[in-house]
J.: 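Below is one structure. I have some questions about it.
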Amino acid sequence: MKKLFFLGVAVFPLMVAAQLAVKTENVFIITTDGFRWQEVFSGADPSLIRNACCNADTVFTKSMYWDDVDSIRRKKLLPFFWNVIAKKGQLYGNRVFGNKVDVKNLYKISYPGYNELLTGYADPYFIPNRPVNNRNQNILEKINQLPAFKGKVVAFTSWSVFPYILNQERSKLPINSGYEPLREGTDSTNQLINIVQASVRDKNNTRHDWLTYLSAKEYALYHHPKVMFLALGETDEAAHDNRYDRYLQSAANFDRMIADLWYAIQTDPVYKDKTTFIITTDHGRGDTEQSWHTHGFWAKHSGQTWLAIVGPDTFSPIGTISTDGQLYSNQVAATIAMLLGERFETSRKTGKPIQLAAPTLKPALARAP
């Protein structure tokens, strides 16, 4: 496999964590690896979707994802984002409006990116994308130590390196990662998933996202964890192969999975109207035809990301935040804790939680999606 946002006091009234009447009881943190903000807010890139060098069939890809109007184009790619999150939640990172989300880490690759997201700390010590145990404590580990959440925190990931990023050896978190078999017991669904996983040819270190997603969904509906981390990876895999068509297909699949999971959550009495989704990515990518497929400290603008939040504490249906502002990935961990009524503190200096816009926010301050 191969920030969050400060709402300016002069523009947005804020509520500090202590003032929030938090309704969230459960948090799902959902990521797709290396997915650019450009596609989130504008849909398929006009210079890339027509490029035969990175599409096997430009005519078919355009028929699926293209429209001359970007507000229509993004809905074709990400209908759940723009029909649900944009109406019930908040979307950060549309740089057209000067609204920015960035990573703070120097490296702009996956291990440092996920470390920053989950530990709140942009570690200056370089760890490549390899199975090395993380020295930093993460939010899942800290939450799982609290009596109210003990045994109610879980991670499902496509990339097999996550047990090291989350330091499973130290944290003792339940993590299903890569093509690791699921515990079957009497669960026929897990048995079927294991059969499919075993039959996959040419396995690499990133499991097919649908297998990761179905495993996570079944676990959520059967065990009802209070905190789940779901990390998908095929957007990044397709991009590194310089296949823009598969990159768009993987993004569309990501949107379908979130839609399906949101429906399952909102029709489950344990979760309904008590669950927040935090959706983001670990890094961006280059923004030219030559650099879109890559990322890293050498790839200009690949630290640019985005963030979506939807749940009972996204007070106003303000959709795209369209005012100047800056968020960083190192704020996500503290935001998870805040939504659960807790504080996230480690020996490191971590990012502050996002201060969600207050209910009195005037609609005129946010443009319609």
J.: Taking the six-membered ring for Trp and the single ring otherwise, decide whether the centroids of W262 and F277 are under 6.0 Å apart.
T.: yes
J.: Could you measure the distance from the CG atom of N94 to the CH2 atom of W37? Nearest 0.5 Å is fine.
T.: 6.0 Å
J.: Are the aromatic rings of F28 and Y271 close, with centres under 6.0 Å apart?
T.: yes
J.: Please step through ring pair (Phe, Tyr, Trp, His ring centres under 6.0 Å) for the pair F254 and F35, ending with a clear verdict.
T.: CA-CA 10 Å; F254 175 67; F35 187 46; 7.0 Å; no
J.: Donor-acceptor pair, distance only, cut-off 3.5 Å: does the side chain of S158 make one with the backbone of T206?
T.: no
J.: Can you confirm whether K142 sits close enough to F344 that some side-chain heavy atom of one is under 4.5 Å from a side-chain heavy atom of the other?
T.: yes
J.: For atom CZ of R170, decide whether the heavy atoms of other residues, nucleotides or ligands shown that lie under 6.0 angstrom number more than 12.
T.: yes
J.: So, are R246 and E237 salt-bridged, with charged N and O less than 4.0 Å apart?
T.: no
J.: Here's a test for you: under side-chain hydrogen bond (donor to acceptor under 3.5 Å, both in side chains), which of N51, N242, D45 qualifies with W292?
T.: N242
J.: Quick test of your reading of the model: are K76 and D67 salt-bridged, counting only N-O distances below 4.0 Å?
T.: no
J.: Answer yes if the ring centres of Y107 and F297 are under 6.0 angstrom apart, and no otherwise.
T.: no
J.: Checking N136 against N115: is there a side-chain donor and acceptor pair closer than 3.5 Å?
T.: yes
J.: Determine, for W66 and R50, whether the Lys NZ or Arg CZ falls below 6.0 Å from the six-membered ring centre while staying within 45 degrees of the axis.
T.: yes
